[in-house]
Amino acid sequence: MKCERAQKLISDRLDGKLSSWRQKRLDRHLTTCEVCRDYLLSQEIIQREALKIGAVDYPPEWWRQFEQALQAKLIQSTPGEEVISVLPAGISADISDIKGDKNSNKKGRSWAFKPNAMQAASLLVVVAATLFLIIYIGRSKNEELPLPLILSYEDSYFNLSQILAEDEEAASNLARSLEETIIEETLLAGPEGTFIDIDYDFKTDNYEMVPEILQFENLNSEEGL
Amino acid sequence: MKKSSVIYFSIITIFLLVSFSEIYAQGHPPRGNKRVRENMFVLRTLRMTQALDLTEAQTAAIFPELNRAEKEKAQLQADLAREIRELRQLINNKKVEDREFEDRVAKIADLREKIRSRESEFEKFLFTQLTSAQKARYIIFNIDFNRGMMERMGRARLAGKENK
């Protein structure tokens with residue numbers, strides 16, 4: 001069990017919300033972890049002293065000033081500084097003793113790292129960017145061919161046809177997409193567009209009206225040019 | 001006719017249909033591929049004419065040879081695809097002798113060489129008809145067109161997957 005988790009369980013135990021199964025796990029951890037034992041001790045002292053304090057009855061103005069002072073000190077304090085104590089002197093001293101012991105035996109302090117919102121957001125952006133790059137580069141690698149293969153139309157076609165041989169639907173989609181582009185580009189070229197004398201009898205599945213420019217077989221070379 | 005007989009008859013019919021359709025699919029090239037080859041050729045010729053800005057005299061000289069080369073290469077590609085399809089089936093058959101594999105591999109190598117040779121022959125002829133700028137444009141056009149086709153195929157496959 002990690003110290004961070006153990007300390008959450010310690011807090012639950014002090015509140016009386018710990019199940020017997022978790023209690024056993026916590027006990028096991030406490031037998032081996034001195035840091036958490038110290039933490040438990042300090043929390044027990046705080047709880048004991050807190051229970052001794054009766055209900056306080058200060059005016060609202062006092063609480064406002066207390067809050068402002070506390071916030072000002074929190075802002076000023078840096079991570080290296082001592083934590084501001086708002087507890088009675090006796091309790092602070094007890095806790096300081098425990099801390100002194102802990103500083104001389106620093107181990108298992110990873111639980112102390114608590115990233116703020118900005119750090120978490122930055123981390124999220126970095127993770128998202130990395131994932132995007134991995135996916136994008138992976139996809140680009142799949143789609144692009146090495147230059148020597150791209151240079152040869154027949155090698156490129158062979159590679160393409162081998163992939164399409166295993167995917168009849170993709171072959172059909174590609175054929176249809178090519179037909180659409182041919183129709184589009186010849187219509188855009190208009191009646192004065194380039195005449196192409198090709199032997200293939202170009203037939204489309206989706207278009208009843210085929211532009212005259214593509215009705216190759218019906219034209220002889222004199223009419224076409 | 002008894003109800004059980006109808007059920008048995010239906011099951012046998014379905015089994016036979018599925019078996020025959022699988023045998024047919026293994027032994028025949030996918031129908032979509034022929035259309036892809038033809039449409040690619042039409043689109044490539046269309047774009048090449050525009051990209052190279054061919055004159056009427058150039059098209060009159062180039063196109064007959066282009067058509068001849070395409071017919072021959074399309075046939076060679078179809079033969080190569082068939083050989084590879086059959087080779088795939090042979091690999092799964094443990095009883096095939098080494099001699100058979102050797103013959104097949106030699107045939108495939110021969111077909112590949114013929115395709116390359118025919119392509120190279122046409123390009124040599126084409127370059128005799130083009131200006132220097134047109135030759136340079138042809139190289140770039142060829143790369144762009146081939147890459148474009150691969151990307152287009154990627155989109156076609158993706159569309160197929162999304163439809164499933």
Side-chain angles (χ1 to χ4, degrees), chain A residues 139-140 142-186 188-189 193-205 210 213-214 216 221-222 224-225, chain B residues 25 29-47 49-50 54 56 59-60 63-64 66-68 70-71 73-74 76-77 80-81 84-85 112 115-116 118-120 123 139 142-147 149-161 163-164:
Chain A
R139 184 174 284 187
S140 304
N142 287 340
E143 284 175 2
E144 287 190 7
L145 290 173
L147 192 64
L149 204 53
I150 289 180
L151 272 168
S152 161
Y153 171 69
E154 292 303 330
D155 282 352
S156 179
Y157 169 78
F158 174 72
N159 186 59
L160 185 138
S161 69
Q162 284 302 300
I163 298 168
L164 291 180
E166 293 166 6
D167 193 342
E168 179 73 13
E169 193 180 355
S172 170
N173 285 343
L174 181 62
R176 199 165 46 244
S177 141
L178 288 167
E179 280 168 16
E180 284 169 6
T181 310
I182 292 163
I183 299 288
E184 211 171 89
E185 291 188 10
T186 44
L188 277 174
T194 317
F195 171 76
I196 301 171
D197 186 13
I198 299 171
D199 283 352
Y200 279 138
D201 184 12
F202 182 74
K203 286 173 186 168
T204 63
D205 285 354
V210 179
I213 201 163
L214 285 175
F216 311 109
S221 58
E222 282 177 13
L225 295 167
Chain B
R31 280 160 290 169
N33 262 0
K34 191 168 179 285
R35 271 174 64 212
V36 168
R37 172 88 199 181
E38 292 176 1
N39 291 347
M40 267 177 74
F41 175 67
V42 173
L43 186 62
R44 186 167 184 268
T45 310
L46 189 71
R47 288 198 176 161
T49 311
Q50 292 162 353
L54 296 175
E56 283 187 13
T59 52
F63 278 27
L66 180 71
N67 282 325
R68 262 194 300 276
E70 170 59 19
K71 274 184 181 173
K73 286 187 296 177
L76 290 169
Q77 285 278 13
L80 180 59
I84 286 173
R85 210 164 38 248
R112 283 179 65 192
I115 291 168
R116 281 185 186 152
R118 190 64 185 93
E119 185 176 35
S120 176
E123 283 187 343
I139 298 289
N142 208 24
I143 292 169
D144 290 349
F145 183 83
N146 294 344
R147 184 175 285 149
M149 284 303 115
M150 290 308 291
E151 286 168 2
R152 197 183 275 255
M153 183 195 67
R155 287 196 295 273
R157 293 182 78 194
L158 205 66
K161 280 177 191 166
N163 288 339
K164 278 175 187 172

What are the two closest non-hydrogen atoms of [X] and [Y], and how far apart are they?
X: N39(B); Y: I182(A); value: O-CD1, 3.4 Å
X: A156(B); Y: A170(A); value: CB-O, 3.6 Å
X: F145(B); Y: Y153(A); value: CE2-CE1, 3.9 Å
X: R35(B); Y: R176(A); value: NH2-N, 3.9 Å
X: A159(B); Y: N173(A); value: CB-ND2, 4.1 Å

*Residue part contacting chain A, namely of R116(B), when any heavy atom lies under 4.5 Å*: side chain

*Select one option (side chain, backbone, both, neither) describing which atoms of L66(B) are under 4.5 Å from chain A's heavy atoms.*
neither

*So Y157(A) and I115(B), side chain to side chain contact (heavy atoms under 4.5 Å, CB included) or not? Walk me through it.*
CA-CA 11 Å; Y157(A) 169 78; I115(B) 291 168; over 6 Å; no

*Tell me, out of M149(B), R44(B), R112(B), who's got the most heavy-atom pairs with chain A below 4.5 Å.*
R44(B)

Roughly how far apart are [X] [atom1] and [Y] [atom2], rounded to 0.5 Å?
X: N159(A); Y: M150(B); atom1: CG; atom2: CE; value: 4.5 Å
X: D167(A); Y: M153(B); atom1: CG; atom2: CE; value: 9.0 Å
X: L151(A); Y: E123(B); atom1: CG; atom2: CD; value: 9.0 Å
X: S156(A); Y: M40(B); atom1: OG; atom2: CE; value: 6.0 Å
X: E185(A); Y: L46(B); atom1: CD; atom2: CG; value: 5.5 Å

*Got a donor-acceptor contact below 3.5 angstrom from the E119(B) side chain to the E154(A) backbone?*
yes

*Is R152(B) reaching over with its side chain to a backbone N or O of S177(A), donor-acceptor style, under 3.5 angstrom?*
yes

